[in-house]
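To keep things clear, I will list the structure first and then write my remarks on it.
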Amino acid sequence: MPYQTKPALPPSMPMSEVPMHATSFHYYAVAIPVFLLLLAAACTIGSFFLRAHRYLLRQASSYALVTLAFATDVFGGTTPGFLVAAGAASLYLLAAIYAARAIAIRMGRTVPSYALWAIGMLMLGGIAWYTLHTPDPVARRAIVALSMAMVLSLVVPRVWRAPQRHTADRFAVTLFTLGTLLMWLRPVGLLTAMPAPLGPLTEITFLRVNLMVLLVVIAIYTAALIACALADSTAKLRAERDHDGLTNLVNRQAFEEGCTPTPYARGFRVLVMCDLDHFKGINDQYGHAAGDEVLRQFGHILQSLVREADVTARLGGDEFVLALKHTTVEQAQKLIARIQAQMARACWCPPEPQRQVTASFGMVRLRAQEHLQEALQRADQLMYLAKKTGRNCLQVEGATTINPDAALTTA
C-alpha cells in the first residue's frame, strides 16, 4: 500500500512536516486537531472568566491557526500548488507569531516586527522554490519548521530578562524555551532521518518521540499560562480586599491581619494613630467630593514619607494608623514632623487655596506581650488628648504635647 504524506503537527509545530502511513492517518487527522482545539478552548474560557489577559486569546488563536493549517494541508493533497502550500505555511508561521506574542505580552515584552517580516519573506521564498522549481515536500516542511523555530527564538532571551511575578511565570518561560528547542530539532530530523524513497516518517523514532514530547510540553505550557492568569487574578482580588479604594492604603482588616496577635512579635515598635482636624467642616462646606480629595491627598502624603516595611492604614472615615518597624520613639517623632510639614505645604481645597488641613496624632511605644487592640486603644486615647489640647499636634505617651514647629526644630 502506498504511503500518503498527510500532515501531523503539534500546537507549535507544523503537522505537515510528518508524512503518515495510511493506517495511522485517520488517528493523526482527528486526534491532533481535537487536542489543539481543546487547548484553544481552555485558553478562551480562561480569558473570558479571568478578564484582561490578552495573551490567553493570542495563545488560543495560535492553536486555532495550527488546526486551520493542518486542514489546509490535508485538503491540499500530496502535491499542492504554490498557493495552497504558501497558504498552509503562512498559517503555521502566524501560529508561531501569535504564540510568541502571547508569552511576550505576558512578560511585558514585544516581538520585533521587522524580524517577523524578514522570516516570513524568506520562508515564502523557500516554499516557492521547493514547490515551483524543485518540488520537494520534505524540504517545504523543514523550511516551515525552521521558520517557526526562528520566530519563537526571537522572544526567548527577551522573556528570560523580564521580571517574573509568579512561580508560574518561571515555569511558563522554561516550557516555552523547551518547546522552542524541540522545534529546532524538527527540521534536523526531517532532513537527516528521511529515507529514500519517501517513507512513513511517523515510524521513525526520533520524529515520533519529538512530536509526542512537544505535545506534552505544549499542554503543560498552556496550563502554566492559565495558572499565571489565575495568580494575577488572585493577587488583584487580594489587593482589592486589603486596600482602601479611596486612598490606596491598607484597610482595617488587612492591618489587623498583618499586626496580630502581638505587633511587637512582628517587628513593630511604635504605633501612631492620627485623625484629620475639622474634617466634617470640609465635607459640610465644600461637599463630599472635596472631602474625598483631602483623604486621597493625605493618603498620598503618608505613602510618600513612610517606609515600605512599615504599615499605613485607613481605619475608616478620617482616621489613620501607622505601625512602624524597628523604630525608636524619637525617630517616629521626626517622621510625624515631616508629615506635618508636608501637610502645611499642600494645597488642599481648590475653592479656597489658603485653607490648610491639619491632623492630630497619638503615639505609643509597643510592648512585648501587648495585643494590637490594647495598643490601638492607648494610641487612640492620646490622639483624642491631642485634639483636646488644641489639635495639629502630637501626643507621645509619657511626654509633653509636641506641636509641629517644635517637632520640626528637633527634626
Side-chain angles (χ1 to χ4, degrees), residues 2-22 24-25 28-29 32-33 36 62-100 115-154 179-204 206-208 210-211 214-215:
Y3 297 113
Q4 303 179 36
T5 51
K6 301 295 183 183
L9 154 68
S12 298
M13 331 219 102
M15 298 185 172
S16 59
E17 298 170 6
V18 185
M20 292 175 286
H21 194 278
S24 61
F25 168 71
Y28 284 96
I32 294 179
L36 294 178
S62 175
Y63 297 144
L65 285 167
V66 169
T67 304
L68 184 58
F70 176 82
T72 303
D73 265 344
V74 169
F75 291 108
T78 56
T79 55
F82 171 71
L83 291 180
V84 174
S90 298
L91 289 172
Y92 283 128
L93 188 65
L94 280 175
I97 291 173
Y98 271 89
L116 296 178
W117 279 104
I119 294 171
M121 292 299 101
L122 290 173
M123 183 194 72
L124 290 177
I127 295 297
W129 179 267
Y130 287 108
T131 301
L132 302 176
H133 186 271
T134 308
D136 188 339
V138 175
R140 288 200 303 269
R141 294 170 191 135
I143 288 172
V144 172
L146 182 63
S147 301
M148 294 178 72
M150 293 171 66
V151 168
L152 299 176
S153 298
L154 288 175
T180 302
L181 293 175
L182 290 170
M183 193 65 191
W184 276 103
L185 295 176
R186 294 200 69 78
V188 177
L190 281 164
L191 295 175
T192 61
M194 182 64 194
L198 187 64
L201 290 186
T202 51
E203 299 303 318
I204 298 176
F206 175 81
L207 290 174
R208 184 171 66 247
N210 179 277
L211 176 60
L214 184 59
L215 289 172

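Since this is a predicted model, take the numbers as computed values, not measurements. Values below: all heavy atoms of this structure, side chains included; hydrogens, waters and symmetry mates excluded.
Among residues two or more places apart in sequence or in another chain, the side chain to side chain contact (heavy atoms under 4.5 Å, CB included) test is passed with L124 by A86, S90, M121. Under the rule for a side-chain hydrogen bond (donor to acceptor under 3.5 Å, both in side chains), T131 has no partner lying at least two apart in sequence or in another chain. For A64, the side chain to side chain contact (heavy atoms under 4.5 Å, CB included) criterion is met by no residue, not counting sequence neighbours. Remark: A115 pairs with P112, L154 by the side chain to side chain contact (heavy atoms under 4.5 Å, CB included) rule, at least two apart or across chains.
Within the 4.5 Å cutoff, no side-chain heavy atoms of F70 are placed close to those of I32. In this structure, L211 and R186 have side chains that are in contact, with non-hydrogen atoms separated by less than 4.5 Å.
Once rounded to the nearest 0.5 Å, the distance linking CG of L68 with OH of Y92 reads 9.5 Å. Rounded to the nearest 0.5 Å, atoms CG (L122) and CD1 (I127) are 11.5 Å apart. Note that OG1 of T72 is 12.0 Å distant from CG of L83, once rounded to the nearest 0.5 Å. Between atom CG of residue L152 and atom OG of residue S147 there is a gap of 11.0 Å, rounded to the nearest 0.5 Å. Atom CZ of F82 is separated from atom NE2 of H133 by 14.5 Å, given to the nearest 0.5 angstrom. Annotation: the span from L65 atom CG to L94 atom CG amounts to 6.0 Å, rounded to 0.5 Å.
For the side-chain contact (heavy atoms from CB on, under 4.5 Å) test with M148, the passing option among V144, V151, L146 is V144; the others fail.
When all heavy atoms of A149 and T180 are compared, the pair lying nearest together is O-CG2, 4.1 Å. Taking each heavy atom of L182 and N210 in turn, the nearest pair found is O-ND2, 3.2 Å. Residues P187 and A142 come closest through the heavy atom pair CB-O, 3.6 Å. Pairing each heavy atom of A95 with each of S62, the nearest pair is O-OG, 2.7 Å.
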